[in-house]
Amino acid sequence: MKNKVYYLAVPLLAAFTMFISIWGPEALAEYKDQGILDSPHTESVENAGEGYRYQMNSNEKLYILSCCLSSQTFPESEMSAMTHEADAEVDYQELEGSYAFVVNRRGPSGREITDEQIYATCNEGLGLLKEKGILPEQVRDVDASSYDVTLYSAIDVLEPRNNVAVWKMSLSNSQKNADKTNRLMDAYIDADDGKIYEFYVRTPLLWEEIDADALVADWAAYMGLDEPSPYESDNPLLETTPYFRKYVFAGMGSGQTVVTLGFYEGINELFLKVSR
């Protein structure tokens, strides 16, 4: 009798196991769905692809910008025409060279300074530069009626997450006959924090009145950069003016950024620019 019960139990147990293996997962999934569907749920996730450029330090951002500005091969009018015809999304595979400086046709993403805010942001930056003695107090504020602004993206083409958004501010062409005394002529401004990377400004100062080493050291502190080192070169033809000093900042990897402080005599234009 026991043997008969055993022989009956074995196939029944096998059939039950097979039934559970087929029906069980589907039933369990439906049970879980009932607790998820038609009700909101939140989950914290790590967004690994979000904004790598916001994690770069000041030296690295300056280096990316310097590489992109130095690698420009088109006059700005041609570059603008090219980017006007481009798609809204940049096709990195179509960009030539290792670095690209292109007009950002999409505009601010929501985390960057907008075109309505950039004038006030620039004036705040000019105010800080005046407080630190980098610019003289006579430099005038900017306004939307006198200046043009364009948002650019400086991109490491081989590693596109390494990119810096900057606003270029320039005295408008419509101001040709305007008084340029004590005016900001051009500037590159960080679209995230409003720091002024480059500037060309008319001042009442003479080159002999400018302490270049102290000015660049103060600008480096304002930017949050490491201390600069002197750029060693005996070539007097590095610039189109005899009045300049060059400095070196650490970049990314073994790269470095060259910062030039210079002065155009006659028009009394003081400039600070970055290059490789």
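Here, residue 1 is the first one in the sequence, and each next residue gets the next number.
Under a hydrophobic-cluster definition in which Ile, Leu, Val, Met, Phe, Trp and Tyr are linked whenever side-chain heavy atoms come within less than 4.5 Å, directly or via other members, V258 and V274 are assigned to different clusters. In terms of hydrophobic clustering, with Ile, Leu, Val, Met, Phe, Trp and Tyr side chains grouped at heavy-atom distances under 4.5 Å, F249 and F244 are assigned to different clusters. Y231 is not connected to L261 by any chain of hydrophobic side-chain contacts under 4.5 Å among Ile, Leu, Val, Met, Phe, Trp and Tyr, and they are in different clusters. Under the 4.5 Å side-chain heavy-atom criterion for grouping Ile, Leu, Val, Met, Phe, Trp and Tyr, M185 is connected to Y188 within one hydrophobic cluster. Using a 4.5 Å cut-off between side-chain heavy atoms of Ile, Leu, Val, Met, Phe, Trp and Tyr, with links allowed through other members, L272 and L206 fall into different hydrophobic clusters.
Across E60 and M56, no two heavy atoms sit closer than the pair OE1-CA, 3.4 Å. Across all their heavy atoms, A100 and C68 have their closest contact at O-SG, 3.3 Å. The shortest heavy-atom contact between W167 and A191 is CD1-CB, 3.8 Å.
Remark: of the listed residues F263, F199, Y200, Y200 is the sole one forming a ring-ring contact (aromatic ring centres under 6.0 Å, His included) with F271. When L126, D179, L184 are each tested for a side-chain contact (heavy atoms from CB on, under 4.5 Å) with R140, only one passes: D179.
The closest side-chain heavy-atom distance from K273 to L69 is not below 4.5 Å. For the pair N163/I64, no side-chain contact is recorded, criterion being any heavy-atom separation below 4.5 Å from C-beta on. Residues L151 and D115 form no side-chain contact, since every pair of their non-hydrogen atoms from C-beta on lies 4.5 Å or further apart. Inter-residue side-chain proximity for V201 and R183 is flagged as unmet; no heavy-atom pair is nearer than 4.5 Å. When side chains are defined from C-beta on, D148 counts as touching S172, because their heavy atoms get closer than 4.5 Å.
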request  = Carefully, step by step, assess D141 and Y119 under the rule side chain to side chain contact (heavy atoms under 4.5 Å, CB included).
outcome  = CA-CA 9 Å; D141 284 351; Y119 299 99; over 6 Å; no
inquiry  = Could you go through E198 and D186, starting from their C-alpha distance and side-chain angles, then the distance that decides it, and tell me whether this counts as side chain to side chain contact (heavy atoms under 4.5 Å, CB included)?
reply    = CA-CA 8 Å; E198 283 195 4; D186 286 288; over 6 Å; no
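Here the CG-SG distance, from N162 to C67, works out to 10.5 Å after rounding to the nearest 0.5 Å. Atom CD1 in I189 sits 8.0 Å away from atom OG1 in T121 (nearest 0.5 Å). Here NZ of K168 is found 5.5 Å from OH of Y152. Values are rounded to the nearest 0.5 Å.
K195 pairs by the salt bridge (charged side-chain N to carboxylate O under 4.0 Å, His left out) definition with nothing, not counting sequence neighbours. Residues that satisfy the salt bridge (charged side-chain N to carboxylate O under 4.0 Å, His left out) test with D213, not counting sequence neighbours, are R245. Shown here are the ring-ring contact (aromatic ring centres under 6.0 Å, His included) partners of Y247, two or more places apart in sequence or in another chain: there are none.
For the pair N268 (side chain) and L205 (backbone), a donor-acceptor distance under 3.5 Å is present. Under the 3.5 Å distance criterion, the side-chain polar atoms of T241 are matched with a main-chain donor or acceptor of Y243. No donor-acceptor distance shorter than 3.5 angstrom exists from the side chain of Q138 to the backbone of T203, with no hydrogens or angles considered. Here the side chain of T257 pairs no donor or acceptor atom with the backbone of S66 at under 3.5 angstrom. E159 places no side-chain N or O within donor-acceptor distance of the main-chain N or O of D156, the cut-off being under 3.5 Å. N59 contributes a side-chain N or O that, together with a main-chain N or O of A250, makes up a donor-acceptor pair within less than 3.5 Å. Panel note: side chain S70, backbone R276; a donor-acceptor pair is recorded below 3.5 Å.
Identified under the salt bridge (Lys or Arg N to Asp or Glu O under 4.0 Å) test for residues 246-268, with sequence neighbours left out: E239-K246.
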Could you pull out all donor-acceptor pairs under 3.5 Å where a side-chain atom in residues 128-136 meets a protein atom, sequence neighbours excluded?
residue : atom : partner : partner atom : Å
K130    : NZ   : V139    : O            : 2.5

All N/O donor-acceptor pairs, side-chain side in residues 216-229, below 3.5 Å, sequence neighbours left out:
residue : atom : partner : partner atom : Å
W219    : NE1  : I196    : O            : 3.2
Y222    : OH   : I196    : N            : 2.9

